[in-house]
Amino acid sequence: MLQILDSTLREGEQTPGVYFDRHIKLAIAKMLDDIGINIIETGHPAVTQEIHDSVQIIAHSGFNATIGAHARSLRSDVELALQCGVDFIGIFYCVSDDRLNTVFNKELDEAIQQITEVIKFAKSVNPNIIIRYTPEDTVRTEFNNVVEASAAAVKAGADVISVADTTGYMIPGTDRSMFDYISKLKNELNSRDLHPKIAVHCHNDRGLALANALDAYRAGAEIIDASVLGLGERAGIVDLAQLLIVLSADFGMNNWNLEKLDELYHFVSAHSGVPIPRNYPIVGKHAFTHCAGVHTHAAAINPTHYESLSPQLVGKETHFALDHMSGIASLKFALKIIGEKDLTEELQLEVLAEVKSIGQKGKIVELTELPHIVHFIKQNYKHKQKSK
Ligand code: HCA
Ligand code: CU
């Protein structure tokens, strides 16, 4: 069964300028748990004492989710993670020739030895700990190095191998296809009688993170990483809400409490300082708002004319708004919704002119504002009549 790993508290906190206080981290973890997220990656305990403390507290909060920590392939990092009492440790180590030669100054064999020793150590302290090994920048690393390191990691006890597209390099349907990559890696490991779970971690540098993650899923990946608002290094990673919606609406899954996403997103936005764009899928203010006259007219008859995703999926409703694109039909429809029945044709045109004028200033008229415009136009009309 597919599992979702949320990394808002680890990768998400790597967004420049983003830091969540300990109580905020706990609150975010609770919301993720309520949504039914399977694995919550809570942070890298070696980074600061505060992160260590919050990882520890979340690990001891009795959540249903598997609680994970991040660690370099160092015994000291893994020791700290174990001390926190997590269920899952993600160990990363890049094994590309270039990184080995220029950053680590190690041969592949030495790197593999370091990785396997750390994994064996973790398993010796806690045999139940779930270990994920990520050959960081997997997809740009020599395939043979990835296979050798992953195979050795699995033999040493790793349960999960994560394919990281650390730089958002993959493109569906090309020779950089995540579908092909995952298929090839699985085949290679299976041919050695190794059957780890395959996870996928897609960065969004080209705006293709979600597409690549879905490609990985179709190829048999069993864990997909995501974060709230796609927060993460640079352009971030897969957006959690978008991933859950596609899996629920289009891939027949029904595992998550999607109605809680909106609250989670607004909370994370408030505490990260990263605003939610109005046109953001699912949680953006206008994600389910119809505006242009032609759209409003057809969507009023049946929203599916202009919606392929029902807002009810996430506990929201279809909205209508007016702006410079609105015509008289949209206005009449909006007046009906707000219960305004006795406006003459002449005044309706005046209201429409006002709406269009507001729209031309780059604003939209929400249906909550419309009654105030109607009231003003009526008062204005009375005043003109009196002063005639
Ligand atoms: C990082 C890089 C990482 C690691 C992913 C993983 C990536 O910030 O340490 O450990 O599974 O994108 O490769 O996020
Ligand atoms: Cu990453």
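Note that the structure is predicted; figures quoted are calculated from it, not measured.
For Thr304 (side chain) and Glu307 (main-chain N/O), no donor-acceptor pair under 3.5 Å exists by modelled atom type. Counting only distance, with no hydrogens or angles, the side chain of Ser357 and the backbone of Ala353 share no donor-acceptor pair below 3.5 Å. At least one donor-acceptor pair closer than 3.5 Å links the side chain of Asp239 to the backbone N or O of Gln242. Looking only at distances, a side-chain donor or acceptor of Lys123 sits under 3.5 Å from a matching main-chain atom of Ile129. Formation of a donor-acceptor pair under 3.5 Å by the Ser150 side chain with backbone atoms of Val147 is not found in this model. In this structure, the side chain of Ser162 does not engage the main chain of Ala164 through any donor-acceptor pair within 3.5 Å. In this structure, the side chain of Lys186 engages the main chain of Gly220 through a donor-acceptor pair within 3.5 Å. In this structure a side-chain-to-backbone donor-acceptor pair under 3.5 Å is missing from Thr116 to Ala153. Side chain of Thr102 to backbone of Asp98: a donor-acceptor contact under 3.5 angstrom is found. Formation of a donor-acceptor pair under 3.5 Å by the Ser54 side chain with backbone atoms of Lys25 is not found in this model.
Note that CZ of Phe20 and OG1 of Thr15 are 7.0 Å apart. Values are rounded to the nearest 0.5 Å. Taken from CG in Leu194 to CD1 in Ile161, the straight-line distance is 9.0 Å, to the nearest 0.5 Å. For the atom pair Asp6 CG and Leu243 CG, the distance stands at 10.0 Å (nearest 0.5 Å). The SG atom of Cys94 sits 5.5 Å away from the CG atom of Asp137 when rounded to the nearest 0.5 Å. Here the CG-CD distance, from Leu108 to Glu110, works out to 9.5 Å after rounding to the nearest 0.5 Å. Residue Glu340 holds its CD atom at 11.0 Å from NE2 of His375, rounded to the nearest 0.5 Å.
Sorted by first and then second residue, the side chain to side chain donor-acceptor pair (under 3.5 Å) pairs with a member in residues 169-178 form an empty list; sequence neighbours excluded. Each side chain to side chain donor-acceptor pair (under 3.5 Å) pair with one or both residues in residues 245-262, not counting sequence neighbours, appears once here: Asp262-Lys316. Evaluation of the side chain to side chain donor-acceptor pair (under 3.5 Å) test over residues 202-226, restricted to residues two or more places apart or in two chains, returns Glu11-His203, His201-His203, His201-Asp225, Asp205-Arg234, Asp215-Arg218.
Side chains of His44 and Arg72 form a contact here, defined as non-hydrogen atoms less than 4.5 Å apart.
Met170 and Ile223 are not part of a single hydrophobic cluster, where members link through side-chain heavy atoms under 4.5 Å apart. Grouping the Ile, Leu, Val, Met, Phe, Trp and Tyr side chains by contacts below 4.5 angstrom, directly or via other members, places Leu210 with Leu261. Under a hydrophobic-cluster definition in which Ile, Leu, Val, Met, Phe, Trp and Tyr are linked whenever side-chain heavy atoms come within less than 4.5 Å, directly or via other members, Leu185 and Ile171 are assigned to different clusters. The cluster map of Ile, Leu, Val, Met, Phe, Trp and Tyr, joined by side-chain heavy atoms under 4.5 Å apart, puts Val86 and Leu5 in different clusters. Residues Ile130 and Phe63 do not share a hydrophobic cluster, defined by chaining ILVMFWY side chains whose heavy atoms lie under 4.5 Å apart.
Between Ile131 and the options Asn126, Val160, Asp159, a side chain to side chain contact (heavy atoms under 4.5 Å, CB included) holds for only Asp159. Screening Thr66, Thr8, Leu32 for a side chain to side chain contact (heavy atoms under 4.5 Å, CB included) involving Ile40 leaves a single residue, Leu32.
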Handout entry: Candidate pair Arg22 and Asp53, rule salt bridge (Lys or Arg N to Asp or Glu O under 4.0 Å), full reasoning
Key = CA-CA 8 Å; Arg22 295 179 301 178; Asp53 294 350; 3.4 Å; yes
Practice task
Before giving the answer on salt bridge (Lys or Arg N to Asp or Glu O under 4.0 Å), spell out for Lys30 and Asp34 the whole-Å C-alpha distance, their side-chain angles and the decisive distance to 0.1 Å.
Solution key: CA-CA 6 Å; Lys30 166 91 173 69; Asp34 287 346; 2.9 Å; yes
Exercise for the section: Check the pair Ile28, His271 against side-chain contact (heavy atoms from CB on, under 4.5 Å), reporting the backbone distance first and the verdict last. Expected result: CA-CA 10 Å; Ile28 292 172; His271 291 284; 5.6 Å; no
Handout entry: Stepwise side-chain contact (heavy atoms from CB on, under 4.5 Å) check, Gln114 with Lys106
Key = CA-CA 10 Å; Gln114 184 179 333; Lys106 270 195 194 339; 2.9 Å; yes
Practice task
Take Ser310 and Gln312 through the side chain to side chain donor-acceptor pair (under 3.5 Å) test and state the conclusion after the steps.
Solution key: CA-CA 5 Å; Ser310 165; Gln312 275 87 32; 2.8 Å; yes
Practice task
In sequence, state the C-alpha distance, the side-chain angles, and the governing distance for Ile57 and Leu26, and then conclude on side-chain contact (heavy atoms from CB on, under 4.5 Å).
Solution key: CA-CA 8 Å; Ile57 295 299; Leu26 181 60; 4.2 Å; yes
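Considering every non-hydrogen atom in both Pro196 and Leu189, the closest pair reads CG-CD1, 3.9 Å. Smallest separation of non-hydrogen atoms from Arg140 and Thr167: NH2-CG2, 3.3 Å. Taking all atoms of both residues into account, the shortest heavy-atom contact from Ile364 to Ala321 is CD1-CB, 3.7 Å. Across Leu80 and His52, no two heavy atoms sit closer than the pair CD2-CD2, 3.9 Å. When all heavy atoms are compared, the tightest approach of Leu258 to Leu313 is CB-O, 3.5 Å. Contact between Pro275 and Ser269 at its shortest, heavy atoms only, is CA-OG, 3.7 Å.
The residues Lys285 and Glu366 are annotated as salt-bridged, a charged nitrogen and a carboxylate oxygen being separated by less than 4.0 angstrom. Look at Lys378 and Glu350 and you find no salt bridge, because none of the NZ, NE, NH1 or NH2 atoms lies under 4.0 Å from a carboxylate O. Between Glu345 and Lys332 a salt bridge is recorded (basic side-chain N to carboxylate O distance below 4.0 Å).
For Glu263, the CD atom sits in a loose shell: 12 or fewer heavy atoms of surrounding residues, nucleotides or ligands are nearer than 6.0 Å. The 12-atom threshold is not exceeded at CD of Glu317, counting heavy atoms of other residues, nucleotides or ligands nearer than 6.0 Å. Open room surrounds NE2 on His383; 12 or fewer heavy atoms of other groups in view lie less than 6.0 Å from it. Counting heavy atoms of neighbouring residues, nucleotides and ligands inside a 6.0 Å radius, atom NE2 of His297 does not exceed 12 of them.
Ring pair Tyr306/His295: centre-to-centre distance below 6.0 Å. Ring centroids of Tyr133 and Tyr93 are separated by 6.0 Å or more, keeping the two rings apart.
Glu142 meets the side chain to side chain contact (heavy atoms under 4.5 Å, CB included) test with Ser96, Asp97, Asn145; sequence neighbours excluded.
A donor-acceptor pair shorter than 3.5 Å cannot be found between the side chains of Gln83 and Glu79.
Applying the 4.5 Å side-chain rule to ILVMFWY residues, one finds Phe320, Leu322, Ile328, Leu331, Phe333, Leu335, Ile337, Ile338, Leu343, Leu347, Leu349, Val351, Leu352, Val355, Val365, Leu367, Leu370, Ile373, Val374, Phe376, Ile377, Tyr381 in the same cluster as Ile358. When hydrophobic residues (I, L, V, M, F, W, Y) are linked wherever their side-chain heavy atoms come within less than 4.5 Å, Ile237 remains an isolated member.
For Lys184 and Phe143, the positive end sits near the middle of the six-membered ring, less than 6.0 Å away and at most 45° from its axis.
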